[in-house]
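Here the structure comes first, spelled out in structure tokens, and everything after it is commentary.
A, B, ... follow the sequence lines: proteins, then strands. Residue 1 opens every chain.
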There are 2 protein chains.
Amino acid sequence: MNLSLTEENYLKAIFFISGNEGNLVNTNAVAERLDTKPATVTDMLRKLKNKELIIYQPYKGTRLSEDGRLYAIQILRKHRLWETFLVEKLGFGWEEVHEIAEQLEHVRSPKLTERLSGFLGNPQFDPHGDPIPDERGVFPVREDLTLDRAEAGQEVLVKGVKDSSTEFLNYVAKLGIRLGDELKVVNIEPFDGSVLIQHGEAEFRLSAQASSNIYISKK
Amino acid sequence: MNLSLTEENYLKAIFFISGNEGNLVNTNAVAERLDTKPATVTDMLRKLKNKELIIYQPYKGTRLSEDGRLYAIQILRKHRLWETFLVEKLGFGWEEVHEIAEQLEHVRSPKLTERLSGFLGNPQFDPHGDPIPDERGVFPVREDLTLDRAEAGQEVLVKGVKDSSTEFLNYVAKLGIRLGDELKVVNIEPFDGSVLIQHGEAEFRLSAQASSNIYISKK
DNA sequence: AATCATTTTTAGATTTGCCTAAAATTTTTC
DNA sequence: GAAAAATTTTAGGCAAATCTAAAAATGATT
Ligand SMILES: [Mn+2]
Ligand SMILES: [Mn+2]
Ligand SMILES: [Mn+2]
Ligand SMILES: [Mn+2]
């Protein structure tokens, strides 16, 4: 089934709000996420229900059908592959790629998607550390820790971020931290859980909140 | 100015029909190229005229304004860069890439375009041998010959095709000729101008018409 | 359980891109 | 140069995606 760009974005929005458990999603929540009006969402829900991509009962909320879920995951796969391409191959910063990937994710060509994935070495995580589902829609399991769980003295590699909001990405970029960078955990303050980091020449302190949003692996 | 995908395709269509000289373009010609109806074209022409992207007088025909021409060339630049990417980096055949590039050409991000160009080594010609305009809209000048102008005994490299219709690309692909391949001109038949080619182990004869549509350079 | 507040849907419009059929204009032919 | 043919525009409509305003349903509060 071939959907319009708009329909694709609705599926993706429902997927995100719904979470892995496939919770019921409110009309208002979708409207807010897509920056549109509830009345517009209702129209689209009726349409997506007719196409059997969602399960929807008026006034009761909606969730993705199995078909809808698979479709949404394919868009997500493309989004994250393109983000990886932009960072790894074209040298973009991880805070710059989301908007462009919003466009690229709608390009329709299964062959392109698979070739792109191969070209990138079939990555399992995108530049923000988010998992990239495979062709059949299966998500890889993350093994990485977050920085707040590291131990003093450890040297670690930056694998991604949990929170990929523009605000957080900009903060991290301002600190000079990039994907793959090596960090040394100097110490962890017992009082507030903040972490003193050595990064090349620089040394700085990250709050527990910030460090709990950075994925790392042991070096 | 940000145009819709449809508007962009109209500009590109007018650019192609109009040619380098900026000839007047008929409503019917645009309709045929875009596989739509003349009445629909008239609607769009009025709209593009209001945006000052074309010069248009009812019943008299239309051509691109300077702004419109620059816009069309930017789309063309993106189209040909993406085709180059698909062939060079993802290993697509040159007969497969046009459709995908029709989608990718509409992705809006000047930075992406320039990064992509750099990543590809700022190519001057796409996989079909068509010139890729630079950032400012200037087309490179082609120095290559066509195969019908080669001399017997010469060894040449395939640089592109003049005619990039699906039919011709398929024919060339069927012969096993790919971009960058080396061909040896065994002889040229004086009677009809057909060319006997040696390509690796294979030997075959190309009509004058076919060979006049293949760009080559001396080895 | 009746009222009030919130959420959601319905009704009615608008814009964009497209269509068919009819009218107008231009071009070609005799 | 008038008639016929071709081209192009206008008129009127339709589907998709959006909006605002009003109505309906649900949920929360006394
Ligand atoms: Mn993203
Ligand atoms: Mn999107
Ligand atoms: Mn092409
Ligand atoms: Mn296009």
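Distance, B/Asn28 CG to D/dA6 C1': 9 Å, rounded to whole Å. Atoms CG (B/Leu45) and C1' (D/dT8) sit 10 Å apart, rounded to a whole Å. Whole-Å rounding puts the B/Ile54 CD1 to D/dT8 P distance at 13 Å. Atom CE in B/Met44 sits roughly 11 Å away from atom P in C/dC19 (whole-Å rounding). Summarising the geometry, the separation between CG on B/Leu34 and P on C/dC19 is reported as 10 Å, rounded to the nearest angstrom. Summarising the geometry, the separation between CG on B/Leu3 and C1' on C/dT16 is reported as 14 Å, rounded to the nearest angstrom. Here the C1' atom of nucleotide C/dT9 and the OH atom of A/Tyr56 are 7 Å apart, to the nearest Å. Distance CZ (A/Arg46) to C1' (C/dT8): 11 Å, rounded to an integer number of Å.
Partner of A/Ile17 under the side chain to side chain contact (heavy atoms under 4.5 Å, CB included) criterion, out of A/Lys12, A/Arg63, A/Arg33, A/Glu32: A/Arg33 alone.
The two atoms that bring A/Arg80 and A/Pro127 nearest to each other are O-CD, 4.5 Å, heavy atoms only.
OP1 or OP2 of D/dC19 lies within a sub-4.0 Å distance of a side-chain N or O belonging to A/Thr40. At the phosphate of D/dA16, neither OP1 nor OP2 sits under 4.0 Å from any side-chain N or O atom of A/Thr6. In this model, the phosphate group of D/dA16 is not approached by any side-chain N or O of A/Ser4 to a distance below 4.0 Å at OP1 or OP2. Phosphate contact (OP1/OP2 of D/dT20, side-chain N/O of A/Lys37, threshold under 4.0 Å): present. A close approach under 4.0 Å does occur between a side-chain nitrogen or oxygen of A/Thr42 and OP1 or OP2 of C/dT9. Contact between the side-chain N/O atoms of A/Asn26 and the OP1/OP2 oxygens of C/dT7 is not found at any separation under 4.0 Å. A close approach under 4.0 Å does not occur between any side-chain nitrogen or oxygen of B/Tyr59 and OP1 or OP2 of D/dA6. Side-chain nitrogen and oxygen atoms of A/Tyr10 include none within less than 4.0 Å of the OP1 or OP2 phosphate oxygen of D/dA16.
Using a 4.5 Å heavy-atom cutoff, the side chains of B/Ile100 and B/Phe92 are in contact.
At a threshold of 4.0 angstrom between heavy atoms, the contacts of B/Asp43 include nucleobase atoms, whether or not backbone atoms are also involved.
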